[in-house]
Structures are given as structure tokens and as C-alpha cells.
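Data block below; observations after.
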Amino acid sequence: MICITLPDGTGKEFDSPVSLAEVAAAIGPGLAKASLAGVIDGELADLSTVMEKDSTISLITNKSPEALDIIRHSASHLMAQAVKSLFPTAQVTIGPSVENGFYYDFDYERPFTLDDLATIEKKMESLAAEDIPITRKVMDRDEAISLFKEMDEDYKAEIIAEIPQGESISLYSQGDFIDLCRGPHLPSTGHLKTFKLLRVAGAYWRGDSNNKQLQRIYGTAFADKKALKAYLYMMAEAEKRDHRKIGKDLELFSIQDDAGGGLVFWHPMGARMRQTIEDYWKESHAKAGYEFLYTPHIANIDLWKTSGHLDFYGESMFQPLKVDEQEYQIRPMNCPFHILIYQSQLHSHRDFPIRWAELGTVYRYEMSGALHGLFRVRGFTQDDAHVFCREDQIESEIRGILELTLDTLKAFGFSDFEIFLSTKPKKSVGSEAIWEKATNALASAITHKGLDYVEDIGGGAFYGPKIDVKITDTIGRKWQCSTIQLDFNLPERFDITYVGEDGGKHQPIMIHRALLGSLERFFGILIEHYAGRFPVWLAPVQAVVLTITESHSEWATEVRDRLRAAGVRAEVDLRNEKIGYKIRNHSMKKVPWMFIVGEQEQAQKAVSPRDKSGKNLGITPIDDVITSLVKEITDRT
């Protein structure tokens with residue numbers, strides 16, 4: 001007998017090996033119809049997977065969290081089948097599911113057009129309606145290479161050739177289409193009912209610009225039409241909010257091709273905002289007990305060998321520089337520098353916690369095809385900090401960091417958070433006891449704030465558990481920004497110690513943390529979150545004074561000067577243009593406040609305020625306007 005244990009703890013017995021599909025049918029016809037895949041002893045599996053021993057299972061339906069990824073992965077195969085059916089000479093390469101959908105890269109003799117996408121999508125609908133069974137087959141590596149070479153699928157053969165000899169290869173078939181894949185997949189194409197092809201873009205084979213450029217078709221799929229409609233609305237909104245376009249329109253930043261890709265140039269308006277963000281960051285960190293550091297941008301390559309970055313992150317680092325016959329490495333991270341400062345003096349248990357923060361610019365090599373505005377760059381400034389503490393201080397420090405994190409994100413207008421706690425992986429450094437203590441401290445700090453979290457079992461780095469915080473923007477997108485990471489590795493690699501109460505040497509706990517992630521990426525998120533209409537405290541120009549005629553220029557200039565004296569970023573528009581034109585012009589620049597000056601305003605030493613919604617507030621004394629505006633800026637409302 002084989003005993004199958006269900007999620008509620010109950011068991012079902014079968015007198016012979018049994019598949020997930022058969023278990024679903026034994027429970028009821030409704031579940032059998034709704035099931036898409038399953039989980040066997042913690043591993044995802046196709047419904048056709050047969051269990052030959054006692055197992056613990058759960059069945060995946062449209063309502064399961066795992067369902068969307070399986071649906072999208074199967075949709076990518078459906079798209080590839082459609083492309084091969086319509087364009088037989090196209091070669092398929094790689095087609096994964098991604099966060100918001102799926103894509104597949106193709107090598108084809110001509111560019112795909114929007115008309116082609118419509119034709120491909122229609123063919124997908126036809127193939128889905130046929131309800132073609134999706135089946136899995138395993139063969140050895142050399143047999144799989146021969147199969148794909150016979151099919152003129154050279155890219156697939158190349159991928160398989162890199163798999164070690166002797167390993168079995170998993171293939172999936174649907175009709176006459178065969179693809180290399182680990183799975184799992186839906187039981188048939190008929191389960192794919194709601195999908196949409198979005199766009200086509202260029203993509204280098206394996207992301208390397210030295211390789212051939214392919215065509216990447218993006219699509220998305222959902223379990224129901226309502227979710228797809230909501231996503232398409234979000235995509236339309238995201239296009240309107242594209243930070244690259246708004247950044248150019250508002251003259252905030254640019255990426256200069258002449259300087260090389262992935263390097264950000266901050267223009268005066270963007271630099272004003274960056275300065276405001278940095279000032280707030282420094283102010284809040286000083287209040288939280290941090291000291292500030294400034295460290296070099298390069299160091300002898302031996303430092304990066306000691307830290308392990310050269311071994312673990314070498315592919316993401318730029319080539320070293322030759323200086324006085326020695327090799328120097330431009331920094332990809334700031335942490336080794338902070339450790340060197342720690343090592344420069346002897347520390348006692350009484351010194352802790354030590355909290356050091358730095359807005360440190362780092363440089364990482366990214367493939368040119370992966371660069372994307374401010375979101376993926378080669379040089380960026382991390383809002384980095386490292387805390388050195390004793391074991392007994394871990395929980396209190398994590399609480400403080402988490403509180404600072406949430407307060408900071410709230411100040412920038414984010415209030416919807418998702419928190420993830422990643423625990424010990426199979427391969428790790430540090431004792432079981434310290435891992436347990438550290439993980440419990442992270443969990444306790446989260447619950448102390450009254451927050452829920454998702455546990456990512458085994459998802460921690462090999463050197464310590466961590467907390468990740470995701471924010472939700474105005475149109476519902478999730479962004480990973482904040483990370484709080486415990487590290488048992490670097491203190492050991494650099495042999496940093498302190499003198500304990502017992503007079504002996506002890507190793508401190510090191511906590512890495514970034515609240516915004518990088519200033520560049522966070523700035524891009526802010527642009528899209530607010531669509532360029534920033535809250536007053538962040539806006540590069542907080543107020544502009546507009547004259548109705550030239551005769552009001554003297555009072556308008558005085559108003560601007562008084563606003564500036566009160567700390568307001570104010571401008572004045574004295575152009576000989578109609579007031580309606582001026583209002584439209586500064587509305588396009590998304591200035592939050594406009595103060596109009598005419599005969600009555602000048603006579604009463606007042607202005608007529610107009611807010612960003614276009615509402616006119618009537619003639620108001622200038623002192624009242626300044627008091628109100630300064631409060632709005634100070635309160636960061």
C-alpha cells in the first residue's frame with residue numbers, strides 16, 4: 001500500500017503506484033478538473049508524476065501561489081509552438097517565465113512585426129482550443145543533442161552540450177513541438193485561456209553583445225480575464241510614467257552615450273532632488289545614532305580576494321587597473337572598506353553597537369543589453385550602512401534598523417510593504433546556534449513591529465539570514481528596495497575581533513543594510529510612483545511666481561526672494577507672455593505651487609496661490625503663504 005498524506009494531515013491509501021492526477025480524481029471530480037500541477041514532498045511536479053512510495057502532497061489550482069508561474073511557463077511554450085508553426089525556419093532558444101509574464105528568444109531571418117504578434121497570438125488561441133496534451137519525456141544527454149540537431153535547433157543543442165555527461169535531460173512535447181525544460185507544466189494547452197503578447201525587442205544570445213542578436217517576444221498570462229485586464233491597465237499607466245521620458249521632459253538626468261552606457265548624469269533639477277534625498281537620509285541616520293564614512297573608489301585587488309568578492313562576484317566586476325605595477329580594483333561594494341576602518345583600532349565590548357553609514361558609489365559590469373534607464377546601471381550610489389554588534393544586541397539592532405527602514409520609506413510616500421525572511425540554506429558558514437539565534441532575532445523584530453512576513457526557507461545567503469522589504473507603488477507594482485543582512489562570513493575572513501568582558505577575543509556580528517537600495521534606482525521608482533508630480537518637499541522647484549504684466553515684476557521678484565529666504569526652492573517667471581501660457585508651461589513642468597501676482601496682489605502684499613490640482617485659492621497674504629508652504633515642506637506631507 002502507498003499512503004498519500006494531504007495538506008490537512010489526512011491520508012489516502014492506494015494499492016499501487018499512483019499519479020497526482022489520480023489522487024485528485026480520488027478526492028473528487030471538481031478537484032481533478034481544477035488541478036494544474038502538484039507538490040510532492042516539497043518539490044513541484046506535473047500531474048502525471050507517479051508516486052511509488054509514501055508521499056506528502058498538495059495539489060495546485062488557479063488559486064495556489066505556485067499556479068501563475070506554471071501558467072506563464074506553459075504559455076511561453078505555447079507561444080514557441082505557435083511561432084514554429086507559422087515560421088518553421090525560426091530557431092527557439094530560451095523561454096522562461098518572469099515576474100510579470102514570460103518571454104521567448106527566437107533567431108529568425110527578419111524582424112517580427114506587430115502584425116506578426118497578432119498572428120502568433122491568434123495561433124496560440126487555436127492551439128489552446130485544441131487542448132493538446134503536454135507530456136514529459138526523459139532521455140540521455142547525447143540522445144537529446146542528436147534530437148535537436150536533427151530538428152535544426154542549434155541553440156538547444158548548444159545548451160544541452162554544456163550539461164555534464166551522464167545527466168538525464170527532461171523534454172516536454174505538445175503535438176509536434178518539443179522543448180527542453182525542467183517543468184513542471186500544465187497537463188494540456190486547454191488550461192491556457194488568458195494570455196496576451198505585448199512587444200518584441202532585441203536580445204543578445206546569453207546576454208552577451210559579442211553574440212548574435214535575437215528577437216525576444218514578451219507576453220503575459222493569467223488565470224482569469226479580470227487579472228489580465230488589471231495588468232494591462234497597469235502596463236498602460238507604467239508607459240505613461242516611464243522615468244526615462246519624464247526624466248528627460250523635466251531635465252532631471254541623462255545617460256550620455258559618449259561616456260559609455262549605464263552611467264548617470266544628474267542635471268541641475270535632478271541634482272536638487274538628489275541633494276534633498278541625501279539630506280533627509282543623513283538627518284534620519286544621525287538621529288538613529290549612525291556615524292558617516294567616506295571611503296575610496298578603488299583598492300588593491302588583494303582586498304577583494306580577502307573579502308571573497310573576486311571569487312563570488314568576479315563576473316560582475318570591471319577589469320582591474322594597473323598602478324605602480326600593482327593591480328587595483330574599482331569597488332563593486334563598500335563593505336570591505338568599512339571593515340578596514342574597524343580594524344584600524346582595538347575594540348572593546350563596551351564600544352558596541354558601532355553604526356557606520358556611507359552613500360558610497362560602486363561600479364558593476366552589466367551587459368549592455370541589460371541596461372535600463374536608472375533601474376539597471378553600471379555606476380550607482382548605495383545608501384549603505386554596516387552595524388557591528390555583540391550577539392546579545394542582534395535583536396535590538398534589527399528592531400532599530402527595521403523601524404528606520406519603514407519610517408524612511410513612509411517619508412517618501414510608500415505605505416504598503418511586503419516583508420520576507422530568508423533562512424539558512426543547505427550550505428552555510430557559522431554555527432547552528434548563531435543561525436538560530438540570528439533568525440529568531442530577525443523574526444522577533446518583525447513581529448515586534450506588528451508586521452507579517454513570508455518565510456523563505458533556505459533562501460538566505462550562505463553567510464547569514466536576511467530581511468527583504470518590498471514596496472508597492474501607486475499602480476500596484478512591487479519593488480525590492482530594502483535589505484537587512486546578517487553576516488557571519490566577512491568578520492571571519494578578515495579576522496575582526498573585540499575584547500570581551502572575559503578579556504578574551506570575540507568576533508562581532510556584522511549587519512549589512514540598505515534602505516533605498518541605490519539612489520539611482522530609487523529615484524527612478526519615485527519618478528514613476530509620482531509620475532513626476534512630486535510632493536512639495538521633494539520637488540526640484542517647489543514654487544514659481546508668475547507675473548500678469550511686466551509692471552508686477554518688482555513685487556514678484558521680492559516674493560521669490562522671501563520664499564528662498566525661508567528655504568523654499570522658488571523661481572520667478574517675468575516673461576512677457578500671457579498668464580494662461582505661463583500656467584500651462586509650469587503645469588507641464590509639474591511645479592506643485594504657482595503664485596500669481598497682479599495689481600490686487602501687489603497692492604495687498606499678497607499672491608494668488610494655485611496648487612498642483614489647478615485649484616485657485618484666492619488672494620492670500622504672503623506671510624500666510626510662506627508659513628503654510630514651509631510647514632508643508634517640513635512635515636513632508
Side-chain angles (χ1 to χ4, degrees), residues 201 237-282 297 318 330-332 334 358-384 408-409 411-414 471 473-475 477 479-482 514-544 569-571 585-592 612 633 636:
E237 278 296 305
E239 187 174 351
K240 295 177 191 173
R241 295 164 180 264
D242 190 321
H243 72 280
R244 294 166 297 181
K245 181 181 184 303
I246 293 175
K248 182 179 180 180
D249 291 345
L250 300 186
E251 300 177 22
L252 300 174
F253 72 91
S254 63
I255 309 288
Q256 298 288 342
D257 292 337
D258 291 345
L263 300 173
V264 181
F265 287 73
W266 295 81
H267 295 206
M269 291 300 167
R272 288 185 184 185
M273 290 187 66
R274 174 170 173 154
Q275 185 65 52
T276 301
I277 293 169
E278 289 187 8
D279 288 347
Y280 168 77
W281 188 88
K282 289 179 179 178
H297 286 235
F318 283 98
I330 192 167
R331 67 177 177 187
N334 303 306
E358 177 180 12
L359 291 168
T361 301
V362 298
Y363 302 88
R364 298 180 190 172
Y365 175 69
E366 295 280 359
M367 297 285 190
S368 58
L371 299 174
H372 179 70
L374 297 176
F375 293 156
R376 201 75 178 264
V377 293
R378 288 175 172 156
F380 56 93
T381 302
Q382 287 184 313
D383 69 314
D384 219 349
T408 299
L409 295 174
F412 288 101
F414 300 101
I471 56 176
D473 70 10
T474 306
I475 60 174
R477 294 173 298 180
W479 301 92
Q480 167 66 56
C481 289
S482 311
L515 310 187
L516 308 179
S518 83
L519 292 189
E520 286 75 8
R521 181 171 176 272
F522 190 74
F523 188 61
I525 293 170
L526 284 175
I527 292 173
E528 298 199 0
H529 178 62
Y530 289 110
R533 295 188 177 278
F534 304 107
V536 177
W537 77 278
L538 278 175
V541 176
Q542 295 166 323
V544 62
R569 292 189 288 273
E571 305 290 346
N585 183 250
H586 293 287
S587 294
M588 292 290 289
K589 292 180 180 179
K590 306 185 191 301
V591 178
K612 60 184 177 183
I633 293 168
R636 301 189 178 93

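One-based numbering along the sequence shown.
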With a cut-off of 3.5 Å and sequence neighbours excluded, list every side-chain donor-acceptor pair involving residues 250-265.
unit_1	atom_1	unit_2	atom_2	d
Ser254	OG	Gln256	NE2	2.9
Ser254	OG	His267	NE2	2.8

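A distance of 8.0 Å separates NE2 in His297 from CD1 in Ile330, rounded to the nearest 0.5 Å. Summarising the geometry, atom CD belonging to Gln382 is positioned 11.0 Å from atom CG belonging to Leu516; distances are rounded to the nearest 0.5 Å. To the nearest 0.5 Å, atom CG of residue Leu374 and atom OG of residue Ser518 are 8.5 Å apart. Once rounded to the nearest 0.5 Å, the distance linking CG of Leu538 with CE of Met273 reads 5.0 Å. Note that CZ of Arg331 is 14.0 Å distant from CZ of Phe318, once rounded to the nearest 0.5 Å.
A donor-acceptor contact shorter than 3.5 Å is absent between the side chain of Glu278 and the backbone of Tyr280. Using modelled atom types, no side-chain atom of Arg569 and backbone atom of Gln542 make a donor-acceptor pair closer than 3.5 Å. For the pair Asp384 (side chain) and Leu359 (backbone), a donor-acceptor distance under 3.5 Å is absent.
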(request) Apply the test side-chain contact (heavy atoms from CB on, under 4.5 Å) to residues Thr361 and Phe380: give CA-CA distance (whole Å), side-chain angles for both, the deciding distance (0.1 Å), then the verdict. (result) CA-CA 5 Å; Thr361 301; Phe380 56 93; over 6 Å; no
(request) Start with the C-alpha gap between Leu526 and Ile277, add the side-chain angles, then the distance that decides, and say whether side-chain contact (heavy atoms from CB on, under 4.5 Å) holds. (result) CA-CA 11 Å; Leu526 284 175; Ile277 293 169; 4.0 Å; yes
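Residues Ile525 and Phe412 have side chains not in contact (no heavy-atom distance under 4.5 Å, counting atoms from C-beta outward). Using a 4.5 Å heavy-atom threshold, the side chains of Ile471 and Asp473 count as separate.
Among residues two or more places apart in sequence or in another chain, the ring-ring contact (aromatic ring centres under 6.0 Å, His included) test is passed with Phe523 by Trp266.
For residues 526-540, the pairs satisfying side-chain hydrogen bond (donor to acceptor under 3.5 Å, both in side chains) are His243-Glu528, Thr474-His529, Arg477-Glu528, with sequence neighbours left out.
Checking each of Lys240, Arg244, Lys245 against Asp242 for a salt bridge (charged side-chain N to carboxylate O under 4.0 Å, His left out) leaves exactly one that passes, namely Arg244.
When all heavy atoms of Leu409 and Phe522 are compared, the pair lying nearest together is CD2-CE1, 4.2 Å. Summarising the geometry of Phe534 relative to Pro540, their closest heavy-atom pair is CD1-CD, 4.2 Å, with the distance given to 0.1 Å. Of all non-hydrogen atoms in Thr381 and Glu520, the two that sit nearest each other are N-OE1, 2.8 Å.
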